[in-house]
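Quick note on labels: first sequence line is chain A, next is B, and so on, each numbered from 1. These numbers were taken from a predicted model, which means no experiment stands behind them. The figures that follow rest on heavy atoms only: side chains count, while hydrogens, waters and symmetry mates do not.
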Protein chains: 2
Amino acid sequence: MRPTVHDIAAEAGVSLATVDRVLNNRPGVRTVTRHKVERAIATLGYVRDVAAANLAKGRSYPLVFILPAGENSFMRGLEAEVRAAMARSAAERTDITILSVPAFDAPALAAALMEARERRPAGVAVVAVEAPEVTEAVKRLREDRIAVVTLVSDLPGSGRDHFAGVDNIAAGRTAGSLMGRFIGGREGAVAVVAGSMLVRDHRDRLEGFRAVMTEDFAGRCILPVIEGQDNPTLVEKLVGALLERQPDLAGIYSLGAGNRGLVAALEKAGREKTICAIAHELTPHSRAALVSGTIDALLNQNAGHEVRSAIRVLKAKADGLPVISAQERIRIDIFLKDNLPLEQA
Amino acid sequence: MRPTVHDIAAEAGVSLATVDRVLNNRPGVRTVTRHKVERAIATLGYVRDVAAANLAKGRSYPLVFILPAGENSFMRGLEAEVRAAMARSAAERTDITILSVPAFDAPALAAALMEARERRPAGVAVVAVEAPEVTEAVKRLREDRIAVVTLVSDLPGSGRDHFAGVDNIAAGRTAGSLMGRFIGGREGAVAVVAGSMLVRDHRDRLEGFRAVMTEDFAGRCILPVIEGQDNPTLVEKLVGALLERQPDLAGIYSLGAGNRGLVAALEKAGREKTICAIAHELTPHSRAALVSGTIDALLNQNAGHEVRSAIRVLKAKADGLPVISAQERIRIDIFLKDNLPLEQA
DNA sequence: GAATTTTTGATGTACGTAAATCAAAAATCT
DNA sequence: AGATTTTTGATTTACGTACATCAAAAATTC
C-alpha cells in the first residue's frame, strides 16, 4: 500500500509537522533530523499524492501559450487544440491564456515572452522563431524558474525545458524517401517550397530532404528553394510560375504551410495526377487534396498531442515530477489517403 | 470558479446530506426534492472532482489484462507496456493483474474471461479471438457491469465498451498503396503472409490490401495467403519455399507476426534488396530490418498508446465519465527508416 | 388529531496533504 | 546553573467528496 506522511513520521520517529517541514523545505529542522526524515522517505519509497496536495492547496497551473497569428491552417488547428484544453481547465486545474503574435516576427515574440513573464505563470509554451532576442527572453523566463516548452519550432541553446515537436531533419528525410520511391524511374526534377528560412523547422526539413535525395536518389535534380511565407496566395503564384518553367517536373516537396496555394496551382495546371506532391500537416484543405490524389503523402505532427504534451510537461516541471519520455515524443505521422484518421467534428 | 457540493446545496436550498444522496443515488429523497437538486447541478454546471472523490473513497481501479502467451514480439511489447503501467499503479490508483492464455486459443480465452469476472474488477482489457464462446464470455462480463475493452483485435457484436486498436481494413489498404507505389513499374507477383485467419485483425488487413491492389494496381497478381501462425520458424520455412517457387517475386506483405522468419528467409535467399517487404509492428527485430533495408515500410500500432488508452477508457467507464474520442483513436503509423521513433531503453 | 413512517438536516469522521499556531522540550549560550 | 534560542510536537483548519448516524421535521396513514 502507498506510504503516507503518517508512515514517514512513524518510520523516522518524528511528528507530522516535522515531516511536513522537511517535505516542503520549511525552516526549523536540524540537519540530523532532516536526514532521518529523508532516509525514511527513501526507505518507504514515498511519493507525494499530487491530487491530494492540489486539493489541499486549491492549486491551479496558470499557463501561457504564445501562438503566431495569421491564416496558417496548422497554427489555427493548434490554437483550436489550446482552446479545447481551456475548456477542460476545471478538470485539469489549468488556467490557460493565449497570446498572439504576428508570424515570423521575432521582436514581437520577444515582447510577448516578457509580457508572459510579468504574469508569473507556472509555464509558457511558445512557437519559436530563431533570433537572439527570443533566445534572451526565454533565458529570462528560465531565470525566473518559469518552465518553457517550445512548440513545433525549437529554439536550441535557449535553455528551454522541452521541445514539443517532431524531429524536423527526420521529417525532411522521410519526405525524401517517399519522394524518391514514389517517383521511381520517372524523369524530371523535384522542387521544394518552404515558408521561411527564419524558422528552424523549415531549415531542418530542407536539410533532411536534401540529404536523402543526395544519398539514395543521386541522379535526381533538386531545384532552388521557393519561399512562399506560408501564404497560400503567394505560394499559388510562385508554384504556378514554376509549373510553366518546368514542363517535366516530377515532384514537389512543400515543407511549410500555404498548401491551398500548392493544390490550386497544380489543379489549375491540370498536373495534379502527374506530379508527386508531398506536403506537411493534416488540415481540412490538405486532407481533401490527399483524398482527391493531388497530394500523394502528408507528413503530420499531431497538434493535439503537442498541446497535451506541453501541458503535461509544464505541470510536471511545476511539480518537480519526472516526465514520461515515451509519452512525450511527437511522432512524424505519414498519411496516405488510406490511413487518414477520422475527421474531427 | 468550480462549483462544489456546497454550492449545489445553496442553489437548491437543501442540505449537504441531500445533495450527497442525489449525487450518489442513495435512498430517502422525495422526487420533487431530487428534481430541485438536479436542476441546481445543471444550472451550476457541477462536475464531480474525481481526484477528491477517489481520495475520500480510497478508491483504486482493479483492472485485468488478458494477453496471449508466446514469442510474438508485439505481444511481448504489449505485455511490457502493461507491466510499465503496473509500475505506475500507485500514482494512477490502478491495481492491474495480467492473465496469460495460449495464442489463438478461444476456449482458454473464454475461461480466462470467466476467471477475470470472478475477481470483480472495474474493467477487463482483452486481446480477442473471434469465437462464439469468447463473445458469450464478454457478454457475461457486460451483464455484471464490468467494462470490457478489446485490445488489438476486436470482437464485434460482443457488447464490449471500446476497441483499443487500429482500423485493420485501413491498415491493409495502406499496405496496398505503399506496395503498389514502391514496386512501381517493376514486374512480378505479390505474396501475403498472415498469422491466422482466426483473428479479426488479420482478416481485415487482407481485405483492405486486396481492395487497394484490385482498385489501383489491377495488373498485379496476388498469390494465395500463406498462414505462418505468427511463428518465426514456420514463417521462415514457408517464405523460403515461396522464394524458390517465385524467382520473380516483386513484393511480400506480412500482415501478422513472425517477421524474424520473413527477414531471415529474404536475407538467406539474398533477395532483401530486390523484394519490397511491408510488415506490421515495430519490434527490435523489425526495426533492425527496416534500418538495414530488408523491410521497406512498417505499419505500426503503438502498444503503449493502446494500453494507456485501455486504462483511460476503463477508468472513465468505471467513473461514468465521457471518453475523449480524439485521444483514444489509435493511428496507423507508417514507419520508413527515416521517421523511426527513438529506440526505447 | 394522534400515531406512524419518511424525509431532511446537522454533524462527525475519513481520505492525504498543506499550512499555521503556540506550548513544551531540547539545545545552545553566557 | 540559569537564561535564551531553536526545535519539535500536538493540534486545528482547510480542500471536496464519501459515508454514516440520529434527532427533528415533514408527510402520510389510520
Side-chain angles (χ1 to χ4, degrees), chain A residues 1-38 40-41 44-61 89-93 95 122 315 318-321, chain B residues 1-38 40-41 44-61 89-93 95 122 315 318-321:
Chain A
M1 197 54 230
R2 184 172 181 159
T4 71
V5 284
H6 294 273
D7 304 315
I8 305 295
E11 175 77 18
V14 300
S15 71
L16 269 185
T18 302
V19 170
D20 172 75
R21 290 182 186 115
V22 174
L23 279 176
N24 297 292
N25 267 298
R26 286 190 245 276
V29 188
R30 284 181 309 160
T31 302
V32 52
T33 310
R34 176 178 301 274
H35 284 159
K36 266 203 307 191
V37 173
E38 286 169 346
I41 289 169
L44 295 178
Y46 170 81
V47 177
R48 195 187 301 251
D49 183 333
V50 174
N54 287 344
L55 178 59
K57 288 195 282 188
R59 178 171 194 178
S60 74
Y61 300 83
S89 61
E92 299 183 357
R93 293 186 185 272
D95 177 14
K315 283 172 75 173
D319 288 329
L321 292 179
Chain B
M1 197 55 229
R2 185 173 181 156
T4 70
V5 284
H6 293 273
D7 304 316
I8 304 297
E11 175 77 19
V14 301
S15 69
L16 268 185
T18 301
V19 171
D20 172 77
R21 291 184 184 112
V22 173
L23 279 176
N24 297 294
N25 268 298
R26 286 191 244 276
V29 188
R30 285 182 309 161
T31 302
V32 52
T33 310
R34 175 178 304 274
H35 285 158
K36 265 203 307 190
V37 173
E38 285 168 348
I41 289 168
L44 294 180
Y46 171 81
V47 176
R48 195 187 303 252
D49 184 332
V50 174
N54 286 342
L55 178 60
K57 289 196 283 189
R59 177 167 196 181
S60 74
Y61 300 84
S89 61
E92 299 184 355
R93 293 186 183 272
D95 178 13
K315 284 172 76 174
D319 287 330
L321 292 179

Those residues that, when tested against Asp7(B), pass salt bridge (Lys or Arg N to Asp or Glu O under 4.0 Å) (two or more places apart):
none

To the nearest 0.5 Å, what is the distance between CD on Glu38(B) and OG1 on Thr31(B)?
9.5 Å

Grab the CG-P distance between Leu55(B) and dT13(C) for me, whole Å please.
18 Å

Show the numbers, then the answer: is there a side-chain contact (heavy atoms from CB on, under 4.5 Å) between Asp49(A) and Arg2(A)?
CA-CA 9 Å; Asp49(A) 183 333; Arg2(A) 184 172 181 159; 3.7 Å; yes

For the residue pair Tyr61(A) and Asn54(A), establish whether any side-chain heavy-atom pair is separated by less than 4.5 Å.
yes

Is any side-chain nitrogen or oxygen of Ser15(B) closer than 4.0 Å to OP1 or OP2 of dA10(C)?
no

Within the 4.0 Å limit for protein heavy atoms, which parts of nucleotides 17-30 of chain D are touched? Write it as a string from 5' to 3', B for base, S for sugar-phosphate only, - for none.
BSB-B-----S---

Side chain to side chain, Ile41(B) and Leu23(B), heavy atoms closer than 4.5 Å:
yes

